[in-house]
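Throughout, a chain's letter reflects where its sequence line sits, starting with A, and its residues are numbered from 1. What you are looking at is a predicted structure, and each value in this text was computed from that prediction instead of being measured.
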There are 2 protein chains.
Amino acid sequence: MARESTCRFAILGMLCREPMSGYDLRSAIERSVGHFWQESYGNLYPTLERMAEERLVELEPEERSPGGRVRKVYRVTAAGRTALAEWLRRPVLPHVERNELLLKLFFGARVGPADSLAQVERSRAEAEALLAALRLIDEDVRHSRKDDPEFAYWYLSIRAGLLGLEAHLRWCDEAREALERLKPATGSTKKRGAR
Amino acid sequence: MARESTCRFAILGMLCREPMSGYDLRSAIERSVGHFWQESYGNLYPTLERMAEERLVELEPEERSPGGRVRKVYRVTAAGRTALAEWLRRPVLPHVERNELLLKLFFGARVGPADSLAQVERSRAEAEALLAALRLIDEDVRHSRKDDPEFAYWYLSIRAGLLGLEAHLRWCDEAREALERLKPATGSTKKRGAR
DNA sequence: CACCGGATATATCAGCCTGATATATCCGGA
DNA sequence: TCCGGATATATCAGGCTGATATATCCGGTG
């Protein structure tokens with residue numbers, strides 16, 4: 001029945017560290033868990049409103065900037081903390097992640113190895129860039145936060161990212177090789193494969 | 001702007017192999033690409049209707065079972081084949097996959113290492129089961145389909161699954177170790193934890 | 001024969017979520 | 001003073017999931 005908005009819990013987790021506005025939430029989430037979790041404004045703002053109705057969060061007493069600019073800073077309530085803890089203990093339900101790259105490759109015979117190869121190369125380049133970025137974050141966190149009591153928990157997600165990306169790169173290399181073997185005999189690349 | 005229903009292309013790809021009903025499509029997809037792509041009826045039926053309006057697919061001439069039972073068998077049109085080929089060549093746009101397990105672990109300090117450990121163990125068991133299943137499929141496909149011209153393309157997705165799951169298992173082991181180190185060092189809390 | 005249960009088959013809906021769009025203010029630098 | 005980029009909130013169409021409803025077919029059991 002009622003699918004449960006996971007967004008709620010991302011918000012609760014972040015608000016437990018520090019009260020924030022919807023805008024702040026988005027960047028805090030991006031900065032800390034951005035490599036495996038993101039939230040859009042279109043999701044955050046309505047969700048925050050609902051959560052306020054449900055008393056999981058509440059607005060901090062009107063804190064306006066001098067000019068009178070609107071800024072809604074939310075804070076987590078006791079009920080919010082309870083709900084978060086309850087969710088953290090609940091098992092993750094298994095879910096098949098859609099993988100558009102694999103789907104395109106699966107039907108790849110309809111367009112030929114060159115196009116599939118291009119998809120793999122693009123994916124590889126992207127993964128390489130993500131890996132480089134994550135390694136920088138890794139370095140940074142290992143130095144600046146290694147004494148934070150939450151360090152071990154944060155580190156788990158970085159390791160997951162690193163291992164996952166490395167595995168993906170290995171797969172890309174394998175796939176590239178396999179697809180290259182499919183290409184029509186090397187040398188003269190002109191053969192127009194009329195169907 | 002118009003996000004493009006990926007479901008359309010999963011349907012087109014499958015219908016290119018053989019005309020099918022919505023019901024058949026669901027099981028064909030489940031059987032062949034189920035480990036990285038699934039479609040729900042709630043998505044398939046309305047999508048098929050729209051695609052028929054757009055002339056990407058068409059109904060086969062009334063094919064009813066003797067009792068007059070309704071059964072709508074769709075077939076891909078020339079326009080459908082073109083649309084599929086065009087999509088297959090278009091680059092996959094990068095997208096951060098949400099990972100609920102990692103999110104729960106990231107906030108794990110709020111409930112403690114035992115609960116996080118349980119999440120990891122569950123995920124590990126699940127991955128182990130998926131891996132075993134995929135190895136069977138691997139065996140099967142390598143024997144029964146190795147001469148199919150599309151074999152190489154199908155095989156890519158199996159290898160992606162195998163490498164991904166193996167990497168995940170390695171991460172689980174790492175995570176388990178890290179979380180076990182966080183547990184209150186006591187040897188006092190009995191050896192075999194009561195589950 | 002009647003009945004049952006599981007597979008076949010289609011359809012609809014609430015609700016989550018994304019990506020796009022709109023709007024307005026703040027503030028530092030040219 | 002004006003510009004542009006960051007800050008900030010809000011709304012919407014449309015994709016998609018998981019649940020629910022409904023009905024038929026068919027083989028096996030009593």
Side-chain angles (χ1 to χ4, degrees), chain A residues 1-11 19-31 34 37-54 57 59-60 62-74 87 92-100 103, chain B residues 1-11 19-31 34 36-54 57 59-60 62-74 87 93-100 103:
Chain A
M1 215 173 302
R3 223 185 351 153
E4 200 160 17
S5 165
T6 325
C7 177
R8 276 170 155 70
F9 302 105
I11 289 174
M20 270 183 276
S21 68
Y23 187 85
D24 295 335
L25 275 166
R26 205 215 203 236
S27 28
I29 289 171
E30 176 64 36
R31 239 181 311 113
W37 201 272
Q38 290 180 354
E39 292 292 349
S40 63
Y41 294 129
N43 198 8
L44 281 171
Y45 286 114
T47 302
L48 278 167
E49 230 161 289
R50 263 182 293 132
M51 291 171 77
E53 278 165 34
E54 298 162 13
V57 300
L59 273 174
E60 296 225 310
E62 275 315 299
E63 184 193 290
R64 291 170 170 267
S65 45
R69 185 178 186 176
V70 187
R71 191 180 141 85
K72 299 179 172 181
V73 175
Y74 290 91
W87 176 76
V92 176
L93 10 126
H95 176 64
V96 173
E97 286 300 331
R98 285 181 158 205
N99 187 326
E100 202 175 312
L103 191 64
Chain B
M1 220 167 309
R3 229 201 325 170
E4 200 160 15
S5 163
T6 324
C7 176
R8 277 171 153 69
F9 303 105
I11 289 174
M20 270 183 274
S21 67
Y23 187 84
D24 295 335
L25 274 167
R26 204 216 206 238
S27 29
I29 289 171
E30 176 63 38
R31 239 182 310 109
F36 64 85
W37 200 271
Q38 291 180 354
E39 292 291 350
S40 63
Y41 295 129
N43 197 9
L44 281 171
Y45 287 113
T47 301
L48 278 167
E49 231 160 286
R50 263 182 292 131
M51 291 171 76
E53 278 166 32
E54 297 162 13
V57 301
L59 273 174
E60 295 225 309
E62 274 316 296
E63 183 194 293
R64 288 167 174 268
S65 46
R69 184 176 186 178
V70 187
R71 193 179 138 84
K72 298 179 171 179
V73 176
Y74 289 92
W87 176 76
L93 8 126
H95 177 64
V96 172
E97 287 300 331
R98 284 181 161 205
N99 187 323
E100 202 175 312
L103 192 63

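Counting any heavy atom pair closer than 4.0 Å across all strands shown, A:Thr47 reaches no nucleic acid atom. When heavy atoms are screened at a 4.0 angstrom cut-off, A:Gly22 is found touching the sugar-phosphate backbone but no base atom. When heavy atoms are screened at a 4.0 angstrom cut-off, A:Ser40 is found touching base atoms of the nucleic acid. The residue B:Arg98 sits close only to the backbone: its heavy atoms come under 4.0 Å of sugar-phosphate atoms, none of a base.
For A:Tyr41, counting side-chain heavy atoms from C-beta on, the closest listed nucleotide (C:dA9, D:dA10, C:dT12) is D:dA10. Considering only the side chain of A:Lys72, D:dA10 comes nearest among C:dA9, D:dA10, D:dA8.
Across all strands shown, the partner of D:dC16 is C:dG15, judged by Watson-Crick or G-U wobble contacts whose two distances both fall under 3.5 Å. Nucleotide D:dT22 is matched to C:dA9 when pairs are restricted to Watson-Crick or G-U wobble geometry with both distances under 3.5 angstrom.
The side-chain contact (heavy atoms from CB on, under 4.5 Å) check on A:Tyr45 picks up A:Tyr23, A:Tyr41, with sequence neighbours excluded. Residues meeting the side-chain contact (heavy atoms from CB on, under 4.5 Å) test with A:Thr47, sequence neighbours left out: A:Ser5, A:Cys7, A:Arg8, A:Ile11, A:Asn43, A:Arg50, A:Met51.
We find that A:Glu60 and A:Arg71 are not joined by a salt bridge, their nearest charged nitrogen and carboxylate oxygen being 4.0 Å or further apart.
Phosphate contact (OP1/OP2 of C:dG15, side-chain N/O of A:Arg50, threshold under 4.0 Å): absent. Taking side-chain N and O atoms only, A:Thr6 has no distance below 4.0 Å to OP1 or OP2 of C:dC16. For B:Asn43, no side-chain nitrogen or oxygen approaches OP1 or OP2 of D:dG15 to under 4.0 Å. Considering only side-chain N and O atoms, B:Ser5 lies under 4.0 angstrom from the phosphate OP1 or OP2 of D:dC16.
In this structure, CG of A:Leu48 is placed 14 Å from P of C:dC16, rounded to the nearest angstrom. In this structure, A:Arg8 places its CZ atom 9 Å from P of C:dC17, rounding to the nearest Å. In this structure, the CG atom of B:Leu103 is 11 Å from the P atom of C:dC17, given to the nearest Å. The interatomic distance linking B:Tyr45 (OH) with C:dA11 (P) rounds to 7 Å, in whole Å. In this structure, A:Glu100 atom CD and D:dG15 atom C1' are separated by 13 Å, rounded to whole Å. Spacing between atom CD of A:Glu30 and atom C1' of C:dG19 amounts to 15 Å, rounded to whole angstrom units. Atom CG of B:Leu44 and atom P of C:dA11 are 12 Å apart (whole Å). Atom pair B:Glu49:CD and D:dG15:C1' shows a separation of 16 Å (rounding to whole Å applied).
For the pair A:Leu25 and A:Glu39, the minimum side-chain heavy-atom distance is 4.5 Å or more. Side chains of B:Glu100 and A:Phe9 form no contact here, defined as non-hydrogen atoms less than 4.5 Å apart.
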